[in-house]
Amino acid sequence: MRLMKSQVKGSFPLRTAKAARTRQAVIGAAERLFIAHGYVSTSVQDVADAAGVSRATVFNSVGGKPALLRACYDVATVGDDEPAPLPQRPAMVAVREEPDARRSIALYAEVIAGIGSRLSGIYEVFRAAATTDRDIRRQWDQIQAERLAGSRRFVDILAAKGALLPGLDPDAAGDVVWVYIDASLYHRLVVERGWSPESFQDWFSRSLQALLLGPGTEVDLR
């Protein structure tokens, strides 16, 4: 039976939606398994079984293990599988557009705490895998470079508001932010030491305000 053009055209969105759901299921299964069992001990077949799909579907929808791990990282960072990068997300747009520097840092702290809550587990897996797998190490190095670039962009945002502490070297400030936004810091304090996410966010905000802007009345969004 030949399908009418309208029928064929109408089936594309359905196939696209199904493919997106399959990809989400695969990435979700990979994240759970990587965190529970580690990168090395998790196979593509394990991910396929957990997602309820074939091994070939895992490769077709996401890729092999390195691609799976990177997809887990990317989705956890922004909260979904959409192509818009973090700087274009509404929360980061709000950080840039906020005229008050201290409130801008407070908004940024909210973004970083949210990322940490989603990312810290798979970030630790990525860190460990990078010590033994060359492909993962290359991706890990790229991620660190991307984080540093993002940190320096944030410092530029504050500098554009004329708010940086006088005499503070922008590159050094970027390095400090780079350390603070490392998801392992969230993991250490919240997961291992039992801080609440709200306490982490408050500490992060107040610390960066003091380090980058100097003494003042720190802003707390809560």
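None of the values given here were measured: they were computed from a predicted structure.
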side-chain hydrogen bond (donor to acceptor under 3.5 Å, both in side chains) pairs, two or more places apart, involving residues 23-41: R23-D81

Side chain proximity check, S151 to Y180, heavy atoms < 4.5 angstrom: no

Between side-chain atoms of residues 86-99 and protein atoms elsewhere (two or more places apart, or another chain), which donor-acceptor pairs fall under 3.5 Å?
unit_1, atom_1, unit_2, atom_2, d
R89, NE, A84, O, 2.9
R89, NH1, D80, OD1, 3.2
R89, NH1, D80, OD2, 2.8
R89, NH2, D80, OD1, 2.9
R89, NH2, E82, O, 3.4
R89, NH2, A84, O, 2.9
R96, NH1, P87, O, 2.6
R96, NH2, P87, O, 3.3
E98, OE2, D100, N, 3.0

Cluster check Y186, L148: I/L/V/M/F/W/Y, side chain < 4.5 angstrom: no

Side-chain donor/acceptor of D46 to backbone N/O of S43, under 3.5 Å: yes

ring-ring contact (aromatic ring centres under 6.0 Å, His included) contacts touching residues 129-150 (sequence neighbours left out): Y123-W140, F126-W140

Pair T77-R118, side-chain donor/acceptor within less than 3.5 Å: no

Verify same cluster id: V125, V44 (apolar side-chain graph, 4.5 Å): yes

Point-to-point distance, once rounded to the nearest 0.5 Å, from CD1 of I136 to CG of D141: 11.5 Å

pair Q201-E198: side-chain heavy atoms closer than 4.5 Å: no

R193 and R188, any side-chain heavy atoms less than 4.5 Å apart: no

Heavy-atom pair with the smallest gap, counting every atom of A163 and L213: O-CD2, 3.1 Å

Validation row: D182, R127 side chains within 4.5 angstrom (heavy atoms): yes

Option passing salt bridge (Lys or Arg N to Asp or Glu O under 4.0 Å) with E146 (candidates R152, R70, R153): R70

Close side-chain approach of V191 to S120, heavy-atom, < 4.5 Å: yes

Side chains of Q139 and D135, donor plus acceptor under 3.5 Å: no

Within one Ile-Leu-Val-Met-Phe-Trp-Tyr cluster: I27 and I35, side-chain cutoff 4.5 Å: yes

Partners passing side chain to side chain contact (heavy atoms under 4.5 Å, CB included) against A30 (at least two apart in sequence or in another chain): F34, V47, L68, C72

Nearest-0.5 Å distance, OH of residue Y73 to CG of residue L119: 6.0 Å

Heavy-atom side-chain proximity of W203 to L189 below 4.5 angstrom: yes

Joint cluster assignment, L185 & I122, ILVMFWY side-chain distance < 4.5 Å: yes

For residues 166-179, which side-chain donor-acceptor pairs fall under 3.5 Å, sequence neighbours excluded?
unit_1, atom_1, unit_2, atom_2, d
D169, OD2, D171, N, 3.3
D169, OD2, A172, N, 2.9
W178, NE1, Q144, O, 3.2

Pair D202 + R206: basic N to acidic O under 4.0 Å: yes

Main-chain N/O of W195 paired to S199 side chain as donor or acceptor, under 3.5 Å: no

ILVMFWY network linking I105 to V111, side-chain heavy atoms under 4.5 angstrom: yes

pair I181-Y108: side-chain heavy atoms closer than 4.5 Å: yes

Distance-only side-chain donor-acceptor flag, S205 / Q209, under 3.5 Å: yes

K65 side chain to T42 backbone, donor-acceptor under 3.5 Å: yes

Sequence neighbours excluded and cut-off under 3.5 Å, please list the side-chain donor-acceptor pairs for residues 51-63, or say none.
unit_1, atom_1, unit_2, atom_2, d
S54, OG, T57, N, 3.1
S54, OG, T57, OG1, 2.8
N60, ND2, A56, O, 3.2
S61, OG, T57, O, 2.8
S61, OG, V58, O, 3.4

